[in-house]
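Take a look at the structure below.
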Protein chains: 2
Amino acid sequence: MNTDFREKLQEKGLKVTPQRVAIFEAILKLNNHPTAEDIIAFIKTNHPNISVGTVYKVLDTFVENNLLKKVKTEKDSMRYDPHVANHHHLYCYETERIDDYEDEKLNELISNHFKTHKIKNFKIQDIKLQITGKFNNQ
Amino acid sequence: MNTDFREKLQEKGLKVTPQRVAIFEAILKLNNHPTAEDIIAFIKTNHPNISVGTVYKVLDTFVENNLLKKVKTEKDSMRYDPHVANHHHLYCYETERIDDYEDEKLNELISNHFKTHKIKNFKIQDIKLQITGKFNNQ
DNA sequence: TTATGCAAAGATAATCATTCTTATTTAGGA
DNA sequence: TCCTAAATAAGAATGATTATCTTTGCATAA
Ligand SMILES: [Mn+2]
Ligand SMILES: [Mn+2]
Ligand SMILES: [Zn+2]
Ligand SMILES: [Zn+2]
């Protein structure tokens with residue numbers, strides 16, 4: 001999993017640095033579409049000298065190179081998603097929790113719908129669902 | 001349409017002020033899910049003394065009272081939507097344009113799908129599609 | 001080896017949307 | 001008309017993000 005990520009960096013012509021590896025690992029570990037702040041806090045424990053600016057710069061680089069996605073929210077701080085394949089999100093309206101939601105049947109349903117119901121003057125690139133609600137337990 | 005809005009304010013127990021009316025009119029006129037900045041710029045022409053803080057406070061009040069919705073984006077500044085009934089959005093990946101998209105058939109399709117495919121540990125409140133792509137002309 | 005080039009990281013200042021504070025004004029009911 | 005809670009104005013403060021500038025780490029060429 002680590003070598004995997006190193007290879008991806010190299011494919012994109014990006015240098016493999018300890019910071020980049022640490023930031024990506026942090027995002028995987030944190031596992032709730034973390035903010036930059038979450039990432040910084042997590043990394044600071046093992047890697048206390050990392051610079052805030054570096055984290056933001058690395059996150060941008062990752063997004064540009066499609067190693068991460070930004071997640072839309074209505075909050076001030078951006079959240080990041082290591083899951084770059086197309087998928088949907090469950091948003092809790094009470095907490096900051098955002099979970100992934102994958103549903104191949106639903107994707108087909110929607111994709112078929114748009115085959116017969118074109119949107120005038122608009123070329124679709126991708127479709128995401130924001131499913132807002134409340135998690136039960138856990 | 002204006003009296004309509006005044007009545008809505010009164011129903012909610014909110015005072016009808018020139019600032020509130022101007023802000024709501026601006027959002028309707030601007031008609032592209034404007035930012036606070038767009039609204040301020042628009043209002044300043046007729047109403048030069050309005051305060052920036054007032055605009056933000058009024059926007060919050062409107063959102064709390066369901067007269068406006070916030071629109072999720074991955075940009076820094078928030079956008080506002082006077083269209084509070086549930087509907088979807090077309091996002092252009094090249095420009096800041098966001099259009100409304102309503103599709104009753106699609107809503108039914110999705111709603112039926114979730115009747116038979118419950119999400120474990122999650123109670124759905126609402127579902128919005130973010131349809132990203134590119135507008136043709138116009 | 002040593003020098004040169006260059007991407008990346010660190011430190012920290014600057015920016016900019018938004019929020020907060022405090023004094024003042026006003027809408028709307030009594 | 002008067003009163004008062006609610007709303008606004010002005011501007012300072014905050015906080016996330018971006019920009020700037022210097023330093024570091026390597027690779028490659030002299
Ligand atoms: Mn709209
Ligand atoms: Mn911000
Ligand atoms: Zn995700
Ligand atoms: Zn809308």
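Per chain, numbering begins at 1; letters A, B, ... match sequence-line order. Side chains are part of it too, since the values below use all heavy atoms of this structure and drop only hydrogens, waters and symmetry mates.
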Separation of [N] [atom2] from [X] [atom1] (nearest whole Å):
{"X": "L59(B)", "N": "dC20(C)", "atom1": "CG", "atom2": "P", "answer": "15 Å"}
{"X": "K44(A)", "N": "dG10(C)", "atom1": "NZ", "atom2": "P", "answer": "10 Å"}
{"X": "E7(B)", "N": "dG28(C)", "atom1": "CD", "atom2": "C1'", "answer": "17 Å"}
{"X": "E74(B)", "N": "dA17(C)", "atom1": "CD", "atom2": "C1'", "answer": "17 Å"}
{"X": "D60(A)", "N": "dA7(C)", "atom1": "CG", "atom2": "P", "answer": "17 Å"}
{"X": "K12(A)", "N": "dA7(C)", "atom1": "NZ", "atom2": "P", "answer": "19 Å"}
{"X": "H47(A)", "N": "dA8(C)", "atom1": "NE2", "atom2": "C1'", "answer": "12 Å"}
{"X": "I40(B)", "N": "dC16(C)", "atom1": "CD1", "atom2": "P", "answer": "15 Å"}

*Where do H89(B) and H33(B) land on the ring pair (Phe, Tyr, Trp, His ring centres under 6.0 Å) test, with the steps shown first?*
CA-CA 10 Å; H89(B) 286 122; H33(B) 304 87; 4.6 Å; yes
Could you list all N or O pairs between the protein and nucleotides 11-14 of chain C that sit under 3.5 Å apart?
residue, atom, partner, partner atom, Å
dA11(C), N7, S51(A), OG, 3.2

Counting just side-chain N and O atoms, does [X] come under 4.0 Å of either OP1 or OP2 of [N]?
{"X": "Q19(B)", "N": "dT26(C)", "answer": "no"}
{"X": "T17(B)", "N": "dT26(C)", "answer": "no"}
{"X": "Y56(A)", "N": "dT18(D)", "answer": "no"}

*With distance as the sole criterion, is a donor-acceptor pair present between the side chains of H113(B) and D103(A) under 3.5 Å?*
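A donor-acceptor contact under 3.5 Å links the two side chains.
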*asked:* Over 60° means perpendicular and under 30° means parallel, so tell me whether F122(B) and F135(A) are parallel, tilted or perpendicular.
replied: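 Plane angle over 60°, so perpendicular.
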*Could you tell me whether Q125(B) atom CD has more than 12 heavy atoms of other residues or ligands within 6.0 Å of it?*
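Result for CD/Q125(B): enclosed.
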With a 4.0 Å cut-off, would you call [X] and [Y] a salt bridge?
{"X": "D99(A)", "Y": "R97(A)", "result": "yes"}
{"X": "E96(A)", "Y": "K75(A)", "result": "yes"}
{"X": "D126(A)", "Y": "K128(A)", "result": "yes"}

*asked:* Can you give me the dot-bracket string for DNA chain C, 5' to 3', counting Watson-Crick and G-U wobble pairs with both distances under 3.5 Å, using [ ] for crossing pairs and | for partners on another strand?
replied: ||||||||||||||||||||||||||||||
*Is T61(A) reaching over with its side chain to a backbone N or O of K57(A), donor-acceptor style, under 3.5 angstrom?*
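Such a contact is found between T61(A) side chain and K57(A) backbone.
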*Can you find a pair of side-chain heavy atoms, one from R79(A) and one from I98(A), that are under 4.5 Å apart?*
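Yes; the side chains approach each other to less than 4.5 Å.
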*Is it possible for you to check whether K72(A) lies under 6.0 Å from the centre of the six-membered ring of Y91(B), through NZ or CZ, and within 45° of that ring's axis?*
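Yes, K72(A) lies over the aromatic ring of Y91(B).
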Please tabulate, one pair per line, each protein N/O and nucleotide N/O from nucleotides 1-6 of chain D that are separated by under 3.5 Å, including the distance.
residue, atom, partner, partner atom, Å
dA6(D), O4', K15(B), NZ, 3.3

*asked:* Can you give me the closest heavy-atom contact between A22(B) and H47(B), atom names plus distance?
replied: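 Closest approach of A22(B) to H47(B), heavy atoms only: CB-CD2, 4.1 Å.
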*Would you mind telling me which of dT17(D), dA9(C), dA16(D) lies closest to the side-chain atoms of V58(A)?*
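Nearest to the side chain of V58(A) among the choices is dA9(C).
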*I131(A) side, atom CD1; C92(A) side, atom SG - distance, nearest 0.5 Å*: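 It comes to 13.5 Å.
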